[in-house]
Protein chains: 2
Amino acid sequence: MEANDKRAQILEAAIRRFAHFGVQKTTLTEIADDLGMTKQALAYYYPDKNSLSEAVEALILTEFFTNVEAHLAQAPSAAEAIMDLVEVKKTFFEKYAMLMRAAGPELMQQHSKAADAREGARQRLTHLMAQRLEQGVGSGELKPLNAPEVASLVFDTMTAFEQCVVGRQMIPDARTFSELCSRQKAVLQLMMNGLREEAWKN
Amino acid sequence: MEANDKRAQILEAAIRRFAHFGVQKTTLTEIADDLGMTKQALAYYYPDKNSLSEAVEALILTEFFTNVEAHLAQAPSAAEAIMDLVEVKKTFFEKYAMLMRAAGPELMQQHSKAADAREGARQRLTHLMAQRLEQGVGSGELKPLNAPEVASLVFDTMTAFEQCVVGRQMIPDARTFSELCSRQKAVLQLMMNGLREEAWKN
DNA sequence: CTTTTGACTTCTGAAGTAAAAAAGTCAAAT
DNA sequence: ATTTGACTTTTTTACTTCAGAAGTCAAAAG
């Protein structure tokens, strides 16, 4: 199975380029050159740029959810688990900044697959959060609550804050970005406080 | 003082145009025509477009804060007062949609006065909210809290949600906008719940 | 003296255009 | 099964043009 090897190589090279310069500013020829092949050879494995960027997206989404699940499982409480997600997202954004940017307004407008992928990710993430919240209710940490609803509110809040930075075309500097994350956490902290059983509050 | 009369008339006409079509898409000639005068006559009162739009902005900000203060005073509790602000903002946005849009990314980039005005409004609004929160603490509704910090978090949350809609260039339809407001309220509700004294919770 | 106007210059944004670069295709070669 | 050379089509970019809007000012009007 040399073919799968090549495909993996190509994805790797594509991610490197995409993460630095964004999908738009990366040409297939560049990726091919990085691997010592021509764009036609590359086209044999990924017939067009879309299929390549979709494959990259899928790979990265997998990595993201692996991290999310790990953090949700490790965190000692549901409240901390939720707040951890801000960190996970931050790490991800820093690693794949240009890709995330591209996944935002840029790709949203070609409403086809990108929007679906986004919606899928949203559903999956809120579902995981909701599960963790239920768990928190079960353990007596949290009051009874409508977990899907709360999860969805948490998601929207995080997304909203992110849009503030990502929505604009300028590239956020590290400081701005860090501050934003801590604001997000502070807000989520307040939200989670309202959901805690008294016994748990500090 | 006929001059002040004229100025008021001009402002009125300008607001009508600006609110519908935005500052950019409105020409001084149009405003002047609405009033049966020429743009040169108009220029006598407002030497350039900037001074006119700044005057309009100032007028509208005053209206906004008048509403805000009224709502903050009327609301039976601090929590409700905070949530009312979402409604005030919504009403305002609907009334002056194109102006608010213009005040967003468009004007932000000419970082001079617009950014200052925005920052001023932020400070004033968070200050009012903080006051109201302190009042809530005083009346035993809320736990002791860092009022300026919480106010600032509330402000950021509201702003973040707004950016989601305003930040994009497309014009939000009424449904989207209403939904967004109720999401905002739900989040604020959770935040405020975390700050309430037990006796007040339902 | 205050206000308005006609005639003017300068500036900005939208539309168009041509060249370059990238994407995508395919029959032939390896 | 994979790669390539030669090709066509599509997208970007840089540049040009032009109309309409902004802004100026001396002179006119009340």
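In what follows, every chain begins at residue 1, and chains take the letters A, B, ... in the order their sequences are listed.
A close approach under 4.0 Å does not occur between any side-chain nitrogen or oxygen of B:Tyr44 and OP1 or OP2 of C:dT5. Proximity of A:Lys39 to the phosphate of C:dT25: no side-chain N or O atom is located under 4.0 Å from OP1 or OP2.
Side-chain atoms of A:Ser77 and A:Glu80 include a donor-acceptor pair closer than 3.5 Å. Between the side chains of B:Gln123 and B:Glu119, at least one donor-acceptor pair of N or O atoms lies under 3.5 Å. Neither side chain, B:Arg183 nor A:Thr157, offers a donor N or O lying under 3.5 Å from an acceptor on the other. Using modelled atom types and a 3.5 Å distance limit, the side chains of A:Asp156 and A:Thr159 yield no donor-acceptor pair. Neither side chain, B:Tyr46 nor B:Glu54, offers a donor N or O lying under 3.5 Å from an acceptor on the other. Looking only at atom types and distance, the side chain of B:Asp173 has a donor-acceptor partner in the side chain of B:Thr176 under 3.5 Å away.
Atom CD of B:Gln9 and atom P of C:dT4 are 11 Å apart (whole Å). Rounded to whole Å, the distance from CG on B:Asp33 to P on C:dT5 is 11 Å. At whole-Å resolution of the value, CD in B:Gln24 and C1' in C:dT12 are 10 Å apart. Counting to the nearest Å, the P atom of C:dA22 and the CG atom of A:Asp48 are 18 Å from each other. Between B:Lys6 atom NZ and D:dG30 atom C1' there is a gap of 13 Å when expressed in whole angstrom units. Across the protein-nucleic acid pair, B:Asn50 atom CG and C:dT12 atom P stand 12 Å apart, rounded to whole Å. In this structure, the CG atom of B:Leu35 is 11 Å from the P atom of C:dT4, given to the nearest Å. In this structure, the CG atom of A:Leu28 is 10 Å from the P atom of C:dA22, given to the nearest Å.
For B:Lys25 and B:Ala41, each mapped to the nucleotide of DNA chain C holding its nearest heavy atom, the one lying further toward the 5' end belongs to B:Ala41. Positionally, the nearest nucleotide of DNA chain D for A:Thr38 lies more toward the 5' end than for the other of A:Thr38 and B:Glu30. Annotation: of the two residues near DNA chain D, A:Gly36 and B:Thr29, the 5′-most nearest-nucleotide partner is A:Gly36.
A salt bridge is absent between A:Lys39 and A:Glu30; no separation between the charged side-chain nitrogens and carboxylate oxygens falls under 4.0 Å.
Of the candidate nucleotides D:dA21, C:dG24, C:dT4, C:dT4 has the atom lying nearest to any side-chain atom of B:Tyr45.
If you check distances only, the side chain of B:Gln40 does reach the base of C:dG6 with a donor-acceptor pair under 3.5 Å.
Taking five base pairs at each end of the helix from C:dC1-D:dG30 to C:dT30-D:dA1 and finding the rotation axis that steps the C1' atoms of four pairs onto the next four gives two axes whose angle is 30°, to the nearest 10°.
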